[in-house]
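What follows is a short report on a single structure.
Order of appearance sets the numbers: ligands from 1, and atoms from 1 within every ligand. Residue numbers run from 1 in the order of the sequence given.
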Amino acid sequence: MRIDRITMYRVCNPIKNPYTTAFGTQNAFNSIVVKMESDGLTGWGESCPGGGPAFSPYWDKGCFMLGKDFIVPAILHKEIETPQELQKIMAPIRGNEFAKAAFDVAFWDLLSRKQGISLKKAIGGTKEKAEVGYCFGVLKTFDDLIAGIDKMLKLGYPRIKLKFCPGWECDMLEAVRSVYPDTVFHIDCNSAYTLADLPMLKKLDKYNLAMIEQPLMHDDILDHAKLQKMIGTPICLDESICSLQDARQAIEIGACKYINIKYGRVGGITPSLDIHDLCGEKNIGCWLGGMGESSLGTNVVANLATLPYVNYPSDISPAEKFYVENLGTPVLLTEQYGTYTLRDNPGLDVVANEEVLAKYKQEEAVFA
Ligand SMILES: [Mg+2]
């Protein structure tokens, strides 16, 4: 498959309500979007590193430059037959997984459209539906949170994730558990703690959480392994896992019992599949996470969530939760909250809404 033309966009997409986590408060999600064309067909790929190096060392402007200067020149007008071949071409570029992810996804979309099969079929998805949970950021009061949880449980979400950071800790869990003693909850610390917080982290066992996501540093696995030996609640690694090697090493030293696979953080669909297979082989739980993608990206997450070893509801935010306008069309919708059923159309089955893209793009670069 010859890559005839590539268009890159850098986008700042405003959200309806401010979103607060351990990183602070944001009013928009920043992403890069890649449009890849070959032989009259188009593939789209979105990756959402954010507007600053907070979640990872990467951000939208850096990813845009990296793509323009290094990835596009390596693949434009080249014959590339498989996603593995594309990854091999990008391998000499160290790190920069979020930038690579947008190209990897656009290639998968293009390839599966060319083959006339759905992305789900192309990646080996086996589950009929993608099961998803709901995530709450830090809210103003515990009452607001309880009211929100009540609404989401009534809608049918099978589990709730709670962002957890200094100022929104055990008192919050105490309030939540007093109302919902048996509901499946897990917390996401987004690297807010160190082993110096061990007394507090040990107390978390009494809340019977499904898991604690990324309590310690974003690039640590060693301290997580120490912590896992001292607490009963399973640790789930998110930020720490940027590659198959990271996953292998974390599993080998007992740093986690779950991995939150984010296609952006690991460099695309191709490495996500490898990490998923490793989790299955090593009997480690896995599920899919999101970075505030539009429907372009949430559809990727939903497809990955149908893989056979995924054993916990994934994070796919309902389209109406965040954005004023969605970059992807059709918007990923659900008939039943807590699940997504994917249509059996070729490729990603979502394209960019070019009107919306034009409105929120900060930069555009065309290579032909
Ligand atoms: Mg997380």
Thr42 side chain reached by Val351 side chain, heavy atoms, under 4.5 Å
no
The Mg ion (ligand 1): which protein N, O or S atoms are under 2.8 Å away?
Asp188 OD2, Glu213 OE2, Asp238 OD2
Which label fits [X] and [Y]: parallel for a plane angle under 30°, tilted from 30 to 60°, or perpendicular past 60°?
X: Trp44; Y: Tyr9; result: parallel
X: Tyr337; Y: Tyr157; result: tilted
X: Phe29; Y: Tyr19; result: tilted

Could you list the residues that satisfy salt bridge (Lys or Arg N to Asp or Glu O under 4.0 Å) with Asp205, not counting sequence neighbours?
none
salt_bridge(Asp315, Arg159) N-O dist < 4.0 Å:
yes
